[in-house]
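Every value quoted in this text rests on a predicted model; they were computed, and no experiment measured them.
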Amino acid sequence: MKAWVINRVGEPDVFEKVEMEDPEPEAGHLVIRVLATSVNQIDCKIRSGAVTNIAPPFPAILHSDVVGVIEKVGEGVERFKVGDEVWGCAGGMIGCPSGALAELMEVDADLMALRPKSLDIRKCAAIPLVGITAYIALFEKLNLKGGENILIHGGCGGVGHIATQLASSHGANVFVTVGSDEDFDPAREFGAKGLINYRDEGVEDYVNRLTNGRGFERIFDTVGGPNLVNSMNALADYGEIVTTAGRATVDLSILHNKGGDLGVVFMLLPLVTGQKREWLGRILHSLGDEVDKGNVRPMVDPTSFGLDDVIEAHRLVESGKARGKVVLVANS
């Protein structure tokens, strides 16, 4: 098979196209023919050497998000058969046999689900990592219910725009922060009820404007880091915050004084440790149902990329100019 690998960390031009032996599935695994994959920020961080603790050994095949068709089924796998089209966040890091930047990919069957048929392959490939992350945060961490107020920081970002759609479709009152007035229209389309340009309006001002000073019952902070202070200031008494980015040194006194809770989501942990992988597969199945109900539609950058274009795809993501998820389609 052909694969696009890295033999060292660095800029996007470290990718090389090579020939490798076709994989054979071990027990509990599948071999799929890759139809599409997308670029997540974590893929760029692994490639650049920013997160060496989860990087696979060289020569490394990167990318976790994948849509593919099953070519081989390992011993003990009963949920899938040859010819099934599946999707998942299933590789590209330590603890996984392969990544999606190859013609064939070995995956743990527990991490996969049948792909939703209401979207094309390209749009399906944009969802798994960001969709699973949003689903865990909203429904398994925050236990979000209809009628509750939730503030989503980064409401037009990769995770944020999926979370906005899921929260809105489940009856929550969704408020989002964005970095530009140009993001207001797409945020409304995703289901946001209240819009905040964080560059123009301070926390106290939008808390007063949107909640009469009470604060938000639930906050999903996809920005995290130093922004956690803003989340704590925007939180209602006894509220909950969940973040995807906890790398920060902050004083939790504000949270303590409000009797609030703080949680984190690290959805890649089952890939790295091998534990609770079936949990991600179940969430992915539920997420597929949400897609087929029309509750989730990903924002995908219009630029067309094939697997041979991986260098240009990574450059676009790191430029900050992509308008949605960047997807690479096999043989395009």
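The shortest side-chain heavy-atom distance between Glu26 and Glu106 falls under the 4.5 Å cut-off. Contact annotation: the side chain of Val327 never approaches that of Thr37 to less than 4.5 Å [non-hydrogen atoms, C-beta and beyond]. The side-chain heavy atoms of Val317 and Gln41, taken from C-beta on, include a pair separated by under 4.5 Å. In this structure the side chain of Val178 never reaches within 4.5 angstrom of the side chain of Ile196, judged on heavy atoms. Counting heavy atoms from C-beta on, the side chains of Phe305 and Val310 never come closer than 4.5 Å. No side-chain heavy atom of Asp84 sits under 4.5 Å from any side-chain heavy atom of Met112. With contacts defined as side-chain heavy-atom distances shorter than 4.5 Å, the pair Met232/Lys258 does not qualify. At a threshold of 4.5 Å between non-hydrogen side-chain atoms, the residues Asp261 and Ile241 do not count as touching.
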Subject >> Residue pair Leu328, His63: steps toward the side chain to side chain contact (heavy atoms under 4.5 Å, CB included) verdict >> reply: CA-CA 11 Å; Leu328 297 83; His63 281 213; 4.1 Å; yes
Subject >> Working for side chain to side chain contact (heavy atoms under 4.5 Å, CB included), residues Glu85 and Lys117 >> reply: CA-CA 9 Å; Glu85 290 190 359; Lys117 293 299 181 70; 4.1 Å; yes
**OP:** Begin from the C-alpha positions of Leu166 and Phe139 and carry the test side chain to side chain contact (heavy atoms under 4.5 Å, CB included) through to its verdict.
**Re:** CA-CA 9 Å; Leu166 284 172; Phe139 305 125; 4.2 Å; yes
Original post:
Is there a side chain to side chain contact (heavy atoms under 4.5 Å, CB included) between Ile42 and Ile54 once you walk through the steps?
Top reply: CA-CA 10 Å; Ile42 192 65; Ile54 63 171; 3.7 Å; yes
Subject >> salt bridge (charged side-chain N to carboxylate O under 4.0 Å, His left out) evaluation trace for Asp185 with Arg188 >> reply: CA-CA 5 Å; Asp185 284 343; Arg188 288 189 187 96; 2.9 Å; yes
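Of the inter-residue distances, the one linking Glu217 atom CD with Leu235 atom CG reads 10.0 Å to the nearest 0.5 angstrom. Between the CG atom of Asp108 and the SG atom of Cys96 there is a distance of 8.0 Å, given to the nearest 0.5 Å. Atom CD1 of Ile219 and atom CG of Asn230 lie 9.5 Å apart (nearest 0.5 Å). Remark: Tyr135 OH to Arg282 CZ distance equals 11.0 Å, nearest 0.5 Å. Rounded to the nearest 0.5 Å, atoms CG (Leu129) and CG (Leu268) are 5.0 Å apart. To the nearest 0.5 Å, the span separating CD1 on Ile6 from CZ on Arg47 amounts to 8.0 Å.
When atom types are taken as modelled, the side chain of Asp183 and the backbone of Cys156 share no donor-acceptor pair closer than 3.5 angstrom. Using modelled atom types, one side-chain atom of Gln165 and one backbone atom of Arg297 make a donor-acceptor pair closer than 3.5 Å. Judged purely by atom type and a 3.5 angstrom limit, Asn7 has no side-chain atom pairing as donor or acceptor with the backbone of Phe58. The backbone N or O of Lys123 lies less than 3.5 Å from a partner atom in the side chain of Asp120, making a donor-acceptor pair. In this structure a side-chain-to-backbone donor-acceptor pair under 3.5 Å is present from Ser48 to Lys45. Looking at Asp301, its side chain never comes within 3.5 Å of a backbone N or O of Lys325 through a donor-acceptor pair. The main-chain N or O of Gly306 is found under 3.5 Å from a side-chain atom of Asp309 such that the two form a donor-acceptor pair. Although no hydrogens or angles enter the test, the distance criterion places no donor-acceptor pair under 3.5 Å between the side chain of Arg115 and the main chain of Trp87. A donor-acceptor contact shorter than 3.5 Å is absent between the side chain of Glu103 and the backbone of Met1. Using modelled atom types, one side-chain atom of Ser319 and one backbone atom of Leu316 make a donor-acceptor pair closer than 3.5 Å.
Clustering ILVMFWY residues whenever any of their side-chain heavy atoms sit less than 4.5 angstrom apart, transitively, puts Val264 in a cluster other than the one holding Phe266. Leu280 and Val291 end up in the same hydrophobic cluster when Ile, Leu, Val, Met, Phe, Trp and Tyr side chains are linked at under 4.5 Å. In the hydrophobic clustering of this structure, Ile150 does not group with Phe175; members are Ile, Leu, Val, Met, Phe, Trp, Tyr whose side-chain heavy atoms approach within less than 4.5 Å, directly or through other members. The hydrophobic cluster containing Val329 does not contain Met299, counting ILVMFWY residues as joined when their side-chain heavy atoms lie under 4.5 angstrom apart, directly or transitively. Linking ILVMFWY residues whenever their side-chain heavy atoms come closer than 4.5 Å, directly or via other members, leaves Tyr198 and Val229 in distinct clusters.
When all heavy atoms of Leu119 and Pro298 are compared, the closest pair comes out as CD1-CD, 3.8 Å. In terms of heavy atoms, Ser168 sits closest to Val174 at N-CG2, 3.6 Å. Contact record, Val223 with Gly154: CG2-N, 4.2 Å, taken as the closest heavy-atom pair. Residue Phe220 comes nearest to Leu142 through the heavy atom pair CB-CD1, 4.3 Å, listed as atom of the first residue, atom of the second, then distance. Minimum heavy-atom separation, Gly68 to Ile32: CA-CD1, 4.2 Å. The two atoms that bring Leu210 and Gly194 nearest to each other are CD2-CA, 4.5 Å, heavy atoms only.
In summary, the aromatic rings of Phe15 and His314 are positioned with their centroids under 6.0 Å apart.
More than 12 heavy atoms of other residues, nucleotides or ligands sit less than 6.0 Å from atom CD of Glu16. Annotation for Tyr238: atom OH does not count as buried by contact number, only 12 or fewer foreign heavy atoms lying within 6.0 Å. Within a 6.0 Å radius of CD in Glu19, other residues, nucleotides and ligands contribute more than 12 heavy atoms. Annotation for Arg209: atom CZ counts as buried by contact number, over 12 foreign heavy atoms lying within 6.0 Å.
Asn149 and Lys193 share no donor-acceptor pair across their side chains, judged by distance under 3.5 Å alone. At a cut-off of 3.5 Å, with distance as the only test, a side-chain donor of Asp65 or Ser38 sits close to an acceptor on the other residue. Between the side chains of His153 and Thr177, at least one donor N or O lies within less than 3.5 Å of an accepting N or O. One side chain, Glu140 or Trp279, offers a donor N or O that lies under 3.5 Å from an acceptor on the other. Residues His170 and Glu148 have side chains that never bring a donor and an acceptor to within less than 3.5 angstrom of each other. Using modelled atom types and a 3.5 Å distance limit, the side chains of Lys141 and Asn143 yield no donor-acceptor pair. Looking at Asn233 and Glu204, their side chains never bring a donor and an acceptor atom within 3.5 Å of each other.
Ring orientation note: the planes of Tyr206 and Phe216 are tilted relative to one another, at an angle of 30° to 60°.
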